[in-house]
Number of protein chains: 2
Amino acid sequence: MVRKTKEDAELTRLRIIDAARAVFLARGVSKSTLEHIATKANVTRGAVYWHFKNKTEIFHAIREQVFLPLIDRMDDTLGLAIDSTENPLTQIENSLCHTINELSENTEMREIYEIMMIKCEYVGEFATVLHQILNNCSSLIEKIEIAYQRAQTQNLLASNLSPRALALDTHLFFGGLLHMWIKDADGSKFRYQAIDLIKSHINLRRK
Amino acid sequence: MVRKTKEDAELTRLRIIDAARAVFLARGVSKSTLEHIATKANVTRGAVYWHFKNKTEIFHAIREQVFLPLIDRMDDTLGLAIDSTENPLTQIENSLCHTINELSENTEMREIYEIMMIKCEYVGEFATVLHQILNNCSSLIEKIEIAYQRAQTQNLLASNLSPRALALDTHLFFGGLLHMWIKDADGSKFRYQAIDLIKSHINLRRK
DNA sequence: ATATTTACATACAAGCTTGATTGTATATAA
DNA sequence: TTATATACAATCAAGCTTGTATGTAAATAT
């Protein structure tokens, strides 16, 4: 039997993506072969080539699985809905903690982050991804800044630093935390205290 | 003419390392060939294999060029000499700014950082490097913590966060900054304001 | 009912990379 | 002065990847 129904085909597409994620994680993107991926997905390279043009396309498919929903969720957790009533600083804290908790519980997301951060070389055609990352950062910073502006308006801030500066500092802190969280695979250095680190970071700003 | 004097041989070794740095930067470590490196260094693969066992050894040679001196310099700039009289917070600030300035001026160092951060896949034999990175971080954090302890003793701190928590926050901030600084190749997002970001970060702690 | 896609599997050609081997001219040690 | 180790260059065999081309059976359209 060869030809499958459309639903079956979509399943094999997902199986290929899942397989690619496992293979990328284990061998790194560059040293992962379409044959590796196909074998892991219990198909042949023919199937892979049918669904994807090449390895790069699979990579982007994996990336989109996690990073497309990411931005939207940020809006929620950062309380950017206008009628939000909670302490903005607490909202920032919760938003960051929420991401860490997601990473802890969501294996798929954790693996994708790990691939993007330490199992991938941003060179050639992958260099464009860097620009996407930079742009994501910009929009994230803006959203954090808005929250800090609300905090400032409500006279909740301990320092007289601008919301912009606070947002940049928070973003860089969290970027660093994510990197360390991922690299600290056994959890002994950063993972176990990530939530505390976030709370300290925010407490430093509370009046 | 083939056989060179010892000094000549050492020069070709350095030429190979320099070439490897350029090739790694341009093509990523995984897709860099010993042939690429040899050609760039104006030698044959025979010379490369004479000086290095394989690509991994070249990688480590490049890494040691920058990261071995790094730890020592940190001791200086962080003012860990006991007779240091300057404001500890200013010393931390200067230390971080000094690293950024080094990255700006020292092409070699900047390229090596870029290779290690976004042109290399930490998998297989490279995974051990992750542990080295984690350990480096630990010692760095300790040194920053000592400086914050001095600041606390001198009653210079605005918050009542522990020196440990402040050091971790600073380290994560700076790690994030380094990553963004490297990724922001055209300098429009982070590089141009890196020094200001550091000063804001430290000012947040000043009484 | 037949024609035509679809969703793969199989086969093939080409290039690339690696490691090993061999060759060799020259420093350097004895 | 001679022997040997050094610092490479050149060659070779083997395997691995990739892209493409072709085959094919079943689903779907007509």
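Below, chains carry the letters A, B, ... as their sequence lines are ordered, and counting in each starts from 1. Any value given below was found using the heavy atoms of this structure, including those in side chains, with hydrogens, waters and symmetry copies removed.
Between C137(A) atom SG and F174(A) atom CZ the span is 11.5 Å, to the nearest 0.5 Å.
Here the C1' atom of nucleotide dG19(C) and the NZ atom of K53(B) are 12 Å apart, to the nearest Å. We find that CD of E10(A) is positioned 14 Å from C1' of dT6(C), with the value rounded to whole Å. dA7(C) atom C1' lies 13 Å from atom CZ of R15(A), rounded to whole Å. Regarding L11(B), its CG atom lies at a distance of 15 Å from the P atom of dA27(C), rounded to whole Å.
For the pair H51(B) and dC8(D), the criterion of a side-chain N or O lying under 4.0 Å from OP1 or OP2 is met. The phosphate of dA7(C) (OP1 or OP2) has no side-chain N or O of T12(A) nearer than 4.0 angstrom. At dA7(D), one or more side-chain N or O atoms of W50(B) fall inside 4.0 Å of OP1 or OP2 (strictly under the cut-off).
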With a cut-off of 3.5 Å and sequence neighbours excluded, list every side-chain donor-acceptor pair involving residues 23-31 of chain B.
{"from": "R27(B)", "atom 1": "NE", "to": "H36(B)", "atom 2": "ND1", "distance (Å)": "3.4"}
{"from": "R27(B)", "atom 1": "NH2", "to": "H36(B)", "atom 2": "NE2", "distance (Å)": "3.4"}
{"from": "S30(B)", "atom 1": "OG", "to": "E121(A)", "atom 2": "OE2", "distance (Å)": "2.7"}

Kindly list each side-chain donor-acceptor pair under 3.5 angstrom involving residues 11-22 of chain B, sequence neighbours excluded, with atom names and distances?
{"from": "T12(B)", "atom 1": "OG1", "to": "A9(B)", "atom 2": "O", "distance (Å)": "2.7"}
{"from": "T12(B)", "atom 1": "OG1", "to": "H51(B)", "atom 2": "NE2", "distance (Å)": "3.2"}
{"from": "R15(B)", "atom 1": "NE", "to": "A41(B)", "atom 2": "O", "distance (Å)": "3.4"}
{"from": "R15(B)", "atom 1": "NH2", "to": "A41(B)", "atom 2": "O", "distance (Å)": "2.9"}
{"from": "D18(B)", "atom 1": "OD1", "to": "R21(B)", "atom 2": "NH2", "distance (Å)": "3.1"}
{"from": "R21(B)", "atom 1": "NH1", "to": "E111(B)", "atom 2": "OE1", "distance (Å)": "2.7"}

Read 5' to 3' with Watson-Crick or G-U pairs under 3.5 Å, [ ] for crossing pairs and | for partners on another strand, DNA chain D gives ||||||||||||||||||||||||||||||
Give the intermediate values and the outcome of side chain to side chain donor-acceptor pair (under 3.5 Å) for residues S95(B) and Q91(B).
-> CA-CA 6 Å; S95(B) 179; Q91(B) 282 174 342; over 6 Å; no
Kindly determine whether D169(A) and L161(A) satisfy side chain to side chain contact (heavy atoms under 4.5 Å, CB included), including the steps that lead there.
-> CA-CA 10 Å; D169(A) 189 77; L161(A) 277 185; over 6 Å; no
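Q132(B) is linked by a side chain to side chain donor-acceptor pair (under 3.5 Å) to R63(B), counting only residues two or more places apart in sequence or in another chain. Scanning for side chain to side chain donor-acceptor pair (under 3.5 Å) contacts around K189(A) gives N135(B), S138(B), with sequence neighbours left out.
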Take nucleotides 12-18 of chain C nucleotide by nucleotide from the 5' end and write B, S or -, depending on whether a protein heavy atom sits under 4.0 Å from the base, only from the sugar-phosphate, or from neither.
-> -----SB
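The aromatic rings of Y122(A) and F59(A) sit perpendicular to each other, their planes meeting at more than 60°, with 30° as the lower class boundary.
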